[in-house]
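See structure below.
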Amino acid sequence: MSRLAQGGLIDRAKPLQFTFDGKRYSGFAGDTLASALIANDVRLVARSFKYHRPRGIVTAGSEEPNALVELRDGARREPNSRATTAELYDGLTAESQNRWPSLAFDAMAVNQLFAPFFGAAFYYKTFMWPKAAWEKLYEPMIRRAAGLGRASELPDPDHYDKVQAHCDLLVIGAGPAGLAAALTAGRAGARVILVDEDFRLGGRLNTENVEIDGSAGLDFVAATEAELRALPNLRVLTRTTAFGVYDDTYAALERVADHLAEPAPYQPRQRLWRINARRAVLAAGALDRPIVFGGNDRPGVMLAAAMETYVSRFAAAPASRLAVFANNDAAWGSAFAAHDAGVTVSALIDTRADVSPVLAAKAKARGLRVVLGGRICDAHGKALTAIDIVAGGRTERLAVDGLAMSGGFSPNLQLTCHHNGKPVWNDDIAAFVPGTPPPGMSVAGAANGSYDLGDCLREGAARAVGALADLGIAATALTVATATLNGTAVSAFWHVAEARTKAFVDFQNDVCASDIVLAEKEGFRSVEHLKRYTTLGMATDQGKLSNMPGLAIMAAITGKSIPETGTTVFRPPYTPVAIGALAGHHRGKDFRPTRLTPLHGWAREQGAVFIEAGPWLRAQYFPRGAEKTWDQAVNREVRAVREGVGLIDVSTFGKIDLRGRDVGAFLDRVYINTFSTLAVGKTRYGLMLREDGFVMDDGTTARLAPDRWVMTTTTANAAKVFQHLEFCAQVLWPELDVQLTSVSEQWAQVAIAGPRARDVLARVIDDPATIDNGAFPYMSAMETRVMGGVRARVFRLSFAGDLGFEIAVPARQGEALARALMQAGAEFDITPYGLETLGVMRIEKGHVTTNELNGQTTALDLGFGKMAKKGDFIGKVMAGRPGLVDPDRPRLAGFKPVDPNDRLRAGAHFIAVGAAATTENDLGWMTSTTWSPTFGHALGLGFVKGGTARIGERLRAVDPLRGGDVLVEVCNPVFFDPEGVRLRG
Amino acid sequence: MLITCPYCGARDAHEFTYLGDAELIDRPDPAGPEAEAAFHAHVYLRDNPAGPHRELWYHGSGCRQWLTVTRDTRTHAIASVVAAARPEVAR
Amino acid sequence: MAKAHFLEGIDPSTPLAAGRWGAATATAGVTMRRLGGLSIASIVSAKGAAPAVIAAIEAAHGLAIVDRPEVCAGTGLCCVGTGPGKWLAVAPRDDGEAFADGLAAAVGAAASVNDQSDGFVIFELAGARIRAALAKCLSIDLDPPAFVPGSAAATLLALVGVTLWQIDEAPVYHLCVGRSLTEAATRALAAAGAEYGFELTLD
Amino acid sequence: MRYSLLNVVVNGLTGNRFAKPAWRDPAPKPAYDVIIVGGGGHGLATAYYLAKVHGIRNVAVLEKGYIGSGNAGRNTTIIRSNYLLPGNEPFYEWSMKLWEGLEQDLNYNVMVSQRGIVNLYHSDAQRDAYARRGNAMRLAGVDAELLDRATLKAMIPFLDYDNARFPIHGGLMQRRAGTARHDAVVWGYARAADALGVDIIQNCEVTGFSRAADGRVTGVETTRGAIAGGKIGLAVAGSTSRLGKMLGLRLPIESVPLQAFVSEGLKPLIPGVITFGMGHFYISQSDKGGLVFGGDIDAYNSYAQRGNLPVVEDVCEGGMALMPMIGRLRMLRQWAGLCDMTMDGSPIIDTGPYPGLYLNTGWNYGGFKATPASGWCFAHTIATDAPHAFNAEMRLDRFRTGRLIDEKGAGATPVLH
Ligand SMILES: Cc1cc2nc3c(=O)[nH]c(=O)nc-3n(C[C@H](O)[C@H](O)[C@H](O)COP(=O)(O)OP(=O)(O)OC[C@H]3O[C@@H](n4cnc5c(N)ncnc54)[C@H](O)[C@@H]3O)c2cc1C
Ligand SMILES: NC(=O)c1ccc[n+]([C@@H]2O[C@H](COP(=O)([O-])OP(=O)(O)OC[C@H]3O[C@@H](n4cnc5c(N)ncnc54)[C@H](O)[C@@H]3O)[C@@H](O)[C@H]2O)c1
Ligand SMILES: Cc1cc2nc3c(=O)[nH]c(=O)nc-3n(C[C@H](O)[C@H](O)[C@H](O)COP(=O)(O)O)c2cc1C
Ligand SMILES: [Zn+2]
């Protein structure tokens, strides 16, 4: 066991059991999977992407490139989970990934032997011979070898939440800088949200042994946390990563239950926070970075800052004999911490020839061996066993089982780049610092390149004061008199030229220094090309560790400076985010809202089968008795209407109330035909175009009173038409007196159709005399009363093409109306019918719907050319363009099979008899088809060149997709009652 | 992206529907001499600038006003939001 | 296995039954009660006529309303601003038609009045965690001073268009939803409130 | 240097000592016969075919950043030829044919992977529209199949067929469709064009044009000096309006962001390309193992090359509705490109509108698959001063004449295409 006997922020009273690759281990509450593995002496935890090299744990945070595991099992298996951020819970299970048959013996490691041929982008240059082998052989092989973990392939059993929050100040990161910012703003009374991705507040204070105003750093954290949590205006969110900066909105992911075996009942697993923050302070700290030398990827090599975290925060020693390799002061602090905790520090190798006397003295006091001006060129062992130190022209091999490296820190400035801001180079700290952050964001502490603890605290407080001042909120900066002064000096050093073995830049994607050399030789010199050619920085850690050394090596080869070389772009998310969290509750049946008509309950009582019609659920048909298939029901329903009477729920139509002096003039401008002449008590069919001359929608509009009209739109276009009319009324013609109100929800609407329709209505309407054919002819409309005083609107219309009425009543009366009609029609065998039957009858009648009004058709195409009036209307001018009036455009016609036994299918194309079925000979296509019980054969509507001029002609309707080739006759699209006798009867 | 609707206040852009360049407000005179050319330009041709852009948004999930928003297409920064109706006839 | 979310077992076309749902907390953190016996009407002013409408309502009902997203409540009538020159008028009476006719008579040609008593359903939302639950479905800021008793907003709840206004400091809210979407809105709130214990009352 | 097995072995054994740049890095010459503005897939392919098919080798491709920095380097790599309208279908099928031989032609593995595309349908009306499209493809000699639910279920078992809000009824499939490696396409064309003498000039932004008295466009001004050109072709995708402005041109184009997403690397999971018919979501898996997915555009004009959160959520909602197994998989990175959306959703490859000027633009969110044919047809149009039959309908004046190519029927609202 490498668990140190004392210290650490773990709860030794709470032991926890877990398994890794099936083997049982134990750790403590407060551990991460990584710290627990280290405490159990597990070094080898993963295999790399390309060469399947053995890998260990490199970091102690979300930047981990190597220690990725499959966490949990079954449907909850999560590939590519970072052991360094997975909190230990009792019963945790994890498996290593991307290895076969086992982690210790991975057959794919033979890839390393071929490494000379597997350099950067090798796949673009090979696998082309023979041609067919790419897809048959090479690609499947590559795909199997690539990828990391395995998805569960089962539906995710957990659920997710999304929350909106609003605040004056969002503080990202709860290290000293963030805590100072939050406390300053919180005390000022501002609305503050403080997020940290860790499960503890404190940031580096949880690791480093420092003092603030005379007390321990951890005490400062505890006191600050207590005060923050007590403030009502401040919200603290731990386990919450701010991952993206969008316009006016920060996105953060809270891992609500990932530290539990499974979420408590009704607890979401994770929560997506969308935060509208007026100002933000980014205090995300800085990340230690690796140095590129031979074998720097071996298990046992880790970042110095991480080593210190394992030792100090988790009381887990990553090594028994440790060397430290660095170019900066901070790593010396890490070495001291390890030594002070009882870990043997065999050597402290610094690339610098000089360090501050203070550091030197501290090392001396501890009796540490220090090598100045030295480098490690290679590390050895499957798990680290030895290192080669180069100093003073000599190479020395030193046996160690742990190496802590530090190439200096890189500020965590990713979020400052999400609005295309570019970082700027700071030579003093050999790092990029934030350039232009997104509007409203300022940066404090190590994220801003300020590495001294006192500076971090002061800067955090000052940024909060500044941000609140912008908002007119006065705040007093938290004051700190003294804070531990740790050395912060650094001298740029990236790559050990003497390395003899593979030196890794991007650990996860196996990008080596040699790959960068190759990329440069082949002309991929821009950092963005370098990235894409070598995959540097494209792994799950997004180059948090590798980008800096990679571009520094490129800069060195090309002889350019680092700022001239530049960085690649940081994009959201800061760390990968579960897709489920971004979806929240909108999945399964709740993917989109379901709309129910006011007659839904009645239709269900009647045994309806429902179908999704856009957002609506509508009755499709009403099976009866022994009917086995849907078409049996539909044929019965059609016959019932044609021979007697049927009723259907048409409540889904859009209904728009128009009121005002100028409604007539307004409608004249939005419809192609005239409405201003429509008499009160009449309704008219209208066609609406878009301004580009194509049909937008059709429907009827009735005039109920001189200044009150009601329009119906198609179900599909209800919202679109309302928006369009609002545009016309508010923007185009504000001078017209028109008020628009959507009354779609208020009215239930039922259509009754069939020869007996009037007889039925007569028994339900309060004054039957008013619906006499004379008093109420076809295309009449009135406001009236039904069922003994219920307000109603009755329209004499029929989409089905029969004698018909549509009756609208207030929605709550809808089901009562349906029942009343059913009762009144019982003696005529009144039959409820559904969408499917309506579809049959409208085709029989040649009425067009979405299949025909698909946005590609003109009024002429539909045979409505004559409807267009002389004066202006929307779409008039553009509809006159040659392409739209071309006589060669396919026009609407009807079709029937020459052999009545043939079936027609929508989507078939028309070809002249004797002509080949090719694009050149394509005459048009079938839009809608049905088997017509009324005619005893199939019917179709479609667009064909020449349109109704071809009536009587025979064409092939070819349907190669389904092997169809049917001889059809072109007909009048109105099959049923072409003279309209039924309608008017 | 927040759009500060003059009636509703700051609202997320997902409550709005975008239409395009605010020149769509100025429908040409259909009886004008070059009506077809004018409509062609009105319906189809756009400046599509990289910079400030006057554009139409409909607050369909709010107050149902059509708004003219001046927004920089390089940064998404919004300089102004006003009702799209011409002021002389607006409410 | 964690318990599947209760909504997964209920088809959206089947109304969510009244009662307690979600976490078994001592008291429901979120309560949703359907209010019955209300008349609702929409008022849409003619262009430039909003002042006339305001004056007419004041004359007829003694209620001073404002052309802002606020709710003005008097005895027997409250008006919720839903857009420029637009209001939703709500009254505790069960004769929507007459209510709308009365309003229409009062405003005359200054506005278009429509009975919407059947077009909308109004819910009362309350409970100690109601703000937290609403934050999961709405994107507007409900914290004071951004939203206080008397504030109103036409906005999106999950993906459903709604009008919301605040009744008191508790806070209690009223939520007005289109009839066809009441089930969808109920489900969205049930999902949001499940964590805190959700209680649905239908009368 | 031709890539061959031998070459790979030799380089491996010699530690790549003899590796050569894939393309030269020439300084701009004062004049070229043809200047192509835009070093995306289309611009580079145009230069390649100008040199290869038309023997015009004194050609420069000017790129303001690095080649492939535009949409060519940020698309979801889907290639297909399942178009409906005769103005489009033969063109895209020609593109598919070129894809099928591209590796051999370019001597570069662009990883054309014909794993098939399935467009799901969820209603009879959608099925009918797909049937119309599939049959149009078959008439044009292109492969298409209409799959029923049972066939689909056997092929793609992990979709949510029953519980979904919009049950899956079937799908239109094109087996020859699939994906190609976006960056490799750019680099492959660049390398092949360079080998034929084309100058590829990066970090060279066109900032203006020179015009003769008769209006003829005679050259460009760039951040690397003025360059004269006999003919000048624009292939700048989302930047066409910005260049158009320098020429006083207003175009039927609006530029909007389209976002794309990639997940962490995974073992093979998704076989081909799948598109959801009732939500904005489509997905495929890259050879590296990342799930590459996307959805709707961000519906507003923008040159920011980044999008907003509501679309991210919308896309992920679609993904979860369609395949709830991806809930625990993580989005690794998101980015956006500038789409030059036209008023009918179809592209423009045309001569003019000024002498000496040639336009290649309006690829909406779908021009990657067009890359080979676009280059091929644009080269033809430039070389012969007339469109080829494949791009005969893709002309600028179609908005005036009304001979639109509107696959979706969305009309003159670009954000709806
Ligand atoms: C997220 C996303 C997903 C997509 N998915 C697909 C898909 O799956 N399938 C598909 O077929 N299509 C897809 N597309 C569309 C496709 O990427 C584009 O249509 C296509 O790449 C455009 O052609 P291009 O490659 O030449 O453009 P680009 O690569 O954008 O080339 C244009 C070049 O012009 C340069 N340029 C601009 N201005 C200047 C100037 N002034 N001077 C010099 N150079 C200039 C730019 O820097 C750029 O490199 C997608 C697009 C996006 C954004
Ligand atoms: N001696 C040196 O050279 C040196 C260098 C760097 C840092 N330091 C020390 O480190 C400390 C820096 O303080 P600080 O407050 O700037 O940083 P910090 O590292 O202490 O805290 C940063 C916090 O931000 C969190 N975080 C990062 N990204 C996040 C995100 N996207 N969302 C949510 N949380 C996120 C981290 O979990 C962490 O807790 C000081 O003590 C300083 O002295 C020293
Ligand atoms: C098909 C495809 C796959 C990608 N896969 C990855 C990936 O695995 N890792 C990664 O970091 N980025 C990936 N990217 C995204 C690029 O890193 C980059 O974001 C994109 O090319 C846009 O460029 P920009 O972000 O530099 O603006 C991929 C992009 C595409 C188009
Ligand atoms: Zn508004």
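To find a chain, count down the sequence lines: A is the first, B the second, and so on, and within it residues start at 1.
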- Message: Does any backbone or side-chain atom of A/F49 lie under 4.5 Å from a heavy atom of chain D? Answer side chain, backbone, both or neither.
- Response: side chain
- Task: Could you look at D/E407 and say if it's the side chain, the backbone, both or neither that has a heavy atom under 4.5 Å from chain A?
- Result: backbone
- Task: Identify which part of A/F114 has an atom lying under 4.5 Å from any heavy atom of chain D, answering side chain, backbone, both or neither.
- Result: neither
- Hey, would you say the D/F276 and A/F591 ring centroids sit under 6.0 Å apart? yes
- Message: What part of D/L416 gets within 4.5 angstrom of chain A, counting heavy atoms only: side chain, backbone, both, or neither?
- Response: neither
- Message: At a 4.5 Å cut-off on heavy atoms, which part of D/S69 comes close to chain A: side chain, backbone, both, or neither?
- Response: neither
- Sort D/F158 into side chain, backbone, both or neither according to what part of it lies under 4.5 angstrom from a heavy atom of chain A. neither
- Are any of the side-chain nitrogens in D/D314 or A/R592 under 4.0 Å away from the carboxylate oxygens of its partner? yes
- Pick one of side chain, backbone, both or neither for A/A145, based on which atoms fall under 4.5 Å of a heavy atom in chain D. backbone
- Item | Portion of D/D162 that has a non-hydrogen atom of chain A nearer than 4.5 angstrom | backbone
- Answer with side chain, backbone, both or neither: which region of D/K20 has an atom nearer than 4.5 Å to a non-hydrogen atom of chain A? backbone
- Message: Using a 6.0 Å cut-off, check whether atom CZ of D/R403 has over 12 heavy atoms from anything other than its own residue.
- Response: yes
- Message: Show the nearest heavy-atom pair for residues A/G907 and D/N135, with the distance to one decimal.
- Response: O-ND2, 2.8 Å
- Item | Atom group of A/R269 that falls short of 4.5 Å from chain D, counting heavy atoms | side chain
- Item | Which portion of D/S113 sits near chain A, non-hydrogen atoms under 4.5 angstrom | both
- Taking atom types as modelled, is there a side-chain donor on D/R330 or A/S81 under 3.5 Å from an acceptor on the other? yes
- Query: For D/F261, is it the side chain, the backbone, both, or neither that has a heavy atom closer than 4.5 Å to a heavy atom of chain A?
  - Reply: neither
- Note on the structure: Okay, A/D692 and chain D: the region with an atom under 4.5 Å from a heavy atom over there is side chain
- Query: So what's closer than 4.5 Å to chain D heavy atoms on A/T594: side chain, backbone, both or neither?
  - Reply: both
- Task: Evaluate the side-chain proximity of D/L329 to A/P79: yes if any heavy-atom separation is below 4.5 Å, no if none is.
- Result: yes
- Query: Does the side chain of A/E522 come within less than 4.5 Å of D/N16's, by heavy atoms?
  - Reply: no
- Where do D/D287 and A/W134 come nearest, in terms of heavy atoms and distance? OD2-CZ2, 3.5 Å
